[in-house]
Amino acid sequence: MENYYTEVPELKHHLNNPMMQRICELKEREYRDKDEFDYAPLDYNDAMDSYDRILAITGEITGEVVAPNAEGVDEEGPHCENGRVEYASGTKRNLDAMVKAGLNGMTMPRRFGGLNFPITPYTMCAEIVAAADAGFGNIWSLQDCIETLYEFGNEEQHSRFIPRICAGETMSMDLTEPDAGSDLQSVMLKATFDEENNCWRLNGVKRFITNGDAQLHLVLARSEEGTRDGRGLSMFIYDKNEGGVDVRRIEHKLGIHGSPTCELVYKNAKAELCGDRKLGLIKYVMALMNGARLGIAAQSVGLSQAAYNEGLAYAKDRKQFGKAIIEFPAVYDMLATMKAKLDAGRSLLYQTSRYVDIYKALDDISRERKLTPEERQEQKKYAKLADSFTPLSKGMNSEYANQNAYDCIQIHGGSGFMMEYACQRIYRDARITSIYEGTTQLQTVAAIRYVTNGSYMQTIREFETVECSEEMKPLLDRVKAMADKLDACANKIKEAANQDLLDIVARRLVEMSADIIMSHLIIQDATRNAELFTKSAVVYVNYAEAEVEKHNKFIENFEVEDMENYKK
């Protein structure tokens with residue numbers, strides 16, 4: 001593709017969602033920046049035009065620079081010499097292009113040199129970049145770590161660090177350790193206060209750190225002597241300019257080769273506290289991880305788009321038995337299902353990002369003034385929706401990325417197993433999405449409470465009242481029947497009051513919820529734009545209905561005593 005934004009009309013559809021008017025109103029504070037910054041929008045239409053132009057620029061750079069470099073970056077990868085990371089040559093060109101275009105610190109206020117973008121158009125940029133090179137997408141999109149520093153750091157830290165990210169410096173979040181992967185409360189990197197120099201010192205090892213030689217790091221470390229749980233952890237800011245951290249090695253990975261995944265050794269490294277002590281894991285990492293999970297959902301959608309593009313192009317070009325293979329039902333069934341998963345997953349991604357936008361904007365406003373009672377209710381509503389939709393968006397889209405990459409190779413046949421085709425890189429890159437920033441199983445742990453407390457069902461019932469086109473009404477009726485099955489399954493499990501039983505069926509209940517929610521969203525999309533989404537709505541509801549019935553039958557027939565058959 002020449003432009004990864006303008007050639008995907010579904011993106012503009014999601015950009016122009018009606019919720020964007022409220023998002024812009026909150027983010028732009030009634031467009032107050034127009035008197036101080038000549039690039040600030042004058043009104044809603046001007047803001048939307050600005051987002052559209054920046055997305056087009058991102059799409060152009062992605063098509064002209066990032067995509068042509070992708071195979072070379074995958075082959076070359078980064079290098080580690082004398083404790084430092086050297087990016088692949090193509091990665092350097094990518095970063096240079098992004099910095100020159102001013103595509104850094106996108107969501108940060110203009111007073112720091114940012115673009116003051118809402119999360120939604122920024123997330124679209126992340127999807128666009130990932131569609132060309134998911135590994136480079138990791139490096140570039142880690143700029144959103146600055147959201148956590150902006151939210152919890154003090155004004156002095158804001159003025160020192162945020163302009164650097166807006167100018168193009170890179171970031172990382174240093175959480176995982178050799179003995180603390182998913183179990184972050186076991187982090188043991190030691191933070192001790194240096195009274196003489198009035199700073200903190202960090203000592204220990206971090207592992208699996210994406211872009212680990214970045215200029216600015218947010219670091220989870222144990223600040224409270226004698227503790228061994230999450231209450232003893234704090235968040236710190238480490239500046240590479242201060243020294244004290246070396247890259248021991250870069251991991252040799254299956255995919256995302258352009259993104260250096262590092263093991264870091266902290267040796268009395270100077271750092272400063274971000275926010276308050278003891279809240280590192282309990283509050284700050286949770287915020288950081290939710291942002292990262294939305295980012296991986298965007299990366300996953302980008303990979304799904306790339307897989308669909310490659311599969312479609314090959315199916316049109318490849319001829320067997322005297323005709324293009326796209327004419328065979330076995331192939332066009334795969335492609336239709338890939339597109340339906342892509343469209344439904346993208347709808348879930350941007351519904352989530354819009355929820356995040358509203359609650360984060362209101363959070364930011366609350367630091368300037370007291371929210372009105374109506375605003376407090378709005379903030380509470382959208383914070384809950386964002387929290388419940390984020391694990392669905394990350395979990396389902398990462399699984400769809402893997403499934404679409406698998407089918408892309410299947411469409412290529414034997415050629416898909418050859419290294420010269422891009423589908424093998426997409427397949428390798430997609431595999432990590434359902435693992436990092438919380439495995440799909442951990443997304444289920446985060447999501448299942450919204451099944452048992454009725455939050456998902458409440459949202460689903462509200463979606464049932466949203467007006468849809470006449471053409472979509474038969475699909476809507478089928479989705480309502482799917483929701484009844486989910487309700488029955490959830491009630492059966494709740495009535496059993498058995499935690500082990502809930503744990504073993506949790507993923508099935510969460511997937512049922514996600515399938516139904518995405519069915520509603522794709523029906524809403526097809527109502528607003530029949531030409532773009534009708535086919536995907538029909539295909540996806542067919543797919544989701546079968547998935548829901550499969551899970552329904554499993555839960556309907558499952559008894560507590562059956563669990564013994566699953567234990568080894």
Side-chain angles (χ1 to χ4, degrees), residues 1 7-10 13 131 300-348 396-418 420-427 430 469 471-479 481-482 511-512 514-516 518-523 525-527 529-554:
M1 288 192 289
E7 295 180 44
V8 183
E10 293 84 357
H13 165 87
S300 298
V301 173
L303 283 160
S304 279
Q305 180 74 61
Y308 175 70
N309 291 347
E310 291 292 324
L312 179 64
Y314 188 84
K316 287 179 175 179
D317 185 64
R318 175 67 167 165
K319 290 183 171 56
Q320 290 284 277
F321 307 103
K323 57 184 177 181
I325 64 171
I326 197 170
E327 296 182 40
F328 293 104
V331 175
Y332 63 67
D333 171 46
M334 269 195 288
L335 284 165
T337 304
M338 289 168 72
K339 183 62 161 61
K341 289 175 181 174
L342 167 62
D343 284 341
R346 182 181 276 133
S347 294
L348 178 60
M396 296 303 294
N397 276 303
S398 62
E399 292 294 327
Y400 284 174
N402 277 276
Q403 292 164 19
N404 280 0
Y406 179 99
D407 284 345
C408 177
I409 285 183
Q410 194 71 10
I411 290 166
H412 280 69
S415 295
F417 203 63
M418 302 300 118
E420 60 261 35
Y421 284 85
C423 58
Q424 54 78 27
R425 172 175 56 83
I426 295 165
Y427 183 78
S469 64
E471 189 177 4
M472 290 292 111
K473 283 182 179 177
L475 294 184
L476 182 61
D477 289 339
R478 289 163 60 188
V479 178
M482 291 155 57
E511 287 188 4
M512 290 172 79
D515 291 336
I516 295 164
M518 283 187 280
S519 294
H520 276 293
L521 293 174
I522 197 72
I523 286 171
D525 288 336
T527 296
N529 192 324
E531 184 179 352
L532 269 185
F533 295 106
T534 294
K535 287 184 177 180
S536 281
V538 172
V539 174
Y540 190 78
V541 171
N542 285 342
Y543 170 82
E545 193 172 44
E547 289 292 298
V548 167
E549 181 58 23
K550 175 182 72 176
H551 295 317
N552 174 58
K553 282 298 180 186
F554 181 93

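Residues meeting the side-chain contact (heavy atoms from CB on, under 4.5 Å) test with Asn552, sequence neighbours left out: Lys485, Cys489, Met512, Glu549, Glu556. Every residue was checked against the ring pair (Phe, Tyr, Trp, His ring centres under 6.0 Å) condition with His551, not counting sequence neighbours, and none meets it. Not counting sequence neighbours, Asn529 has no partner by the side chain to side chain donor-acceptor pair (under 3.5 Å) test. Partners of Asp333 under the side-chain contact (heavy atoms from CB on, under 4.5 Å) rule, at least two apart in sequence or in another chain, are Thr337. Applying the ring pair (Phe, Tyr, Trp, His ring centres under 6.0 Å) test to Phe554 and every residue at least two apart in sequence or in another chain returns Phe558. The ring pair (Phe, Tyr, Trp, His ring centres under 6.0 Å) check on Tyr543 picks up Tyr540, with sequence neighbours excluded. Under the side-chain contact (heavy atoms from CB on, under 4.5 Å) criterion, Ala514 pairs with Leu392, Met396, Met518, sequence neighbours left out.
The number of heavy atoms from other shown groups lying within 6.0 Å of CZ (Phe533) is above 12. No more than 12 heavy atoms of other residues, nucleotides or ligands lie within 6.0 Å of CD in Glu471, so this atom counts as exposed by the packing criterion. Atom CZ of Phe417 sits in a sparse spot, with 12 or fewer heavy atoms from other residues, nucleotides or ligands closer than 6.0 Å.
Note on ring orientation: taking the six-membered ring where Trp is involved, the planes of Tyr314 and His412 are parallel (angle under 30°, cut-offs 30° and 60°).
Between Ile411 and Gly311, the shortest heavy-atom distance links the atoms CG2-O, 3.6 Å. The two residues Val479 and Ser519 make their nearest non-hydrogen contact at CG2-CB, 3.7 Å. Smallest separation of non-hydrogen atoms from Ala315 and Val331: CB-CG1, 4.0 Å.
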Stepwise side-chain contact (heavy atoms from CB on, under 4.5 Å) check, Asn309 with Glu7: CA-CA 11 Å; Asn309 291 347; Glu7 295 180 44; over 6 Å; no

Stepwise salt bridge (Lys or Arg N to Asp or Glu O under 4.0 Å) check, Lys339 with Asp343: CA-CA 6 Å; Lys339 183 62 161 61; Asp343 284 341; 2.7 Å; yes

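Evaluation of the salt bridge (charged side-chain N to carboxylate O under 4.0 Å, His left out) test over residues 306-320, restricted to residues two or more places apart or in two chains, returns none. The salt bridge (charged side-chain N to carboxylate O under 4.0 Å, His left out) pairs that include a residue from residues 530-544 number zero, where partners must be two or more places apart or lie in different chains.
From Ser347, atom OG reaches atom CG of Leu342 across 9.0 Å, with rounding to the nearest 0.5 Å. In this structure, the separation between NZ on Lys473 and CD1 on Ile523 is 12.5 Å, given to the nearest 0.5 Å. For the atom pair CD (Glu10) and OG (Ser536), the distance works out to 7.5 Å, reported to the nearest 0.5 Å. Note: Glu545 CD to Met482 CE = 6.5 Å, rounded to the nearest 0.5 Å. Here the straight-line distance linking atom CD of Gln305 with atom CD1 of Ile426 works out to 10.5 Å at 0.5 Å rounding.
A donor-acceptor pair under 3.5 Å links the side-chain atoms of Thr527 to the main chain of Ser469, judged by distance alone.
Leu521 places a side-chain heavy atom less than 4.5 Å from the side chain of Leu348.
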Contacts table for residues 402-410: side-chain donor-acceptor under 3.5 angstrom, sequence neighbours left out:
{"from": "Asn402", "atom 1": "ND2", "to": "Ser398", "atom 2": "O", "distance (Å)": "2.9"}
{"from": "Asn402", "atom 1": "ND2", "to": "Ala430", "atom 2": "O", "distance (Å)": "3.1"}
{"from": "Gln403", "atom 1": "OE1", "to": "Lys341", "atom 2": "NZ", "distance (Å)": "2.7"}
{"from": "Asn404", "atom 1": "ND2", "to": "Met338", "atom 2": "O", "distance (Å)": "3.3"}

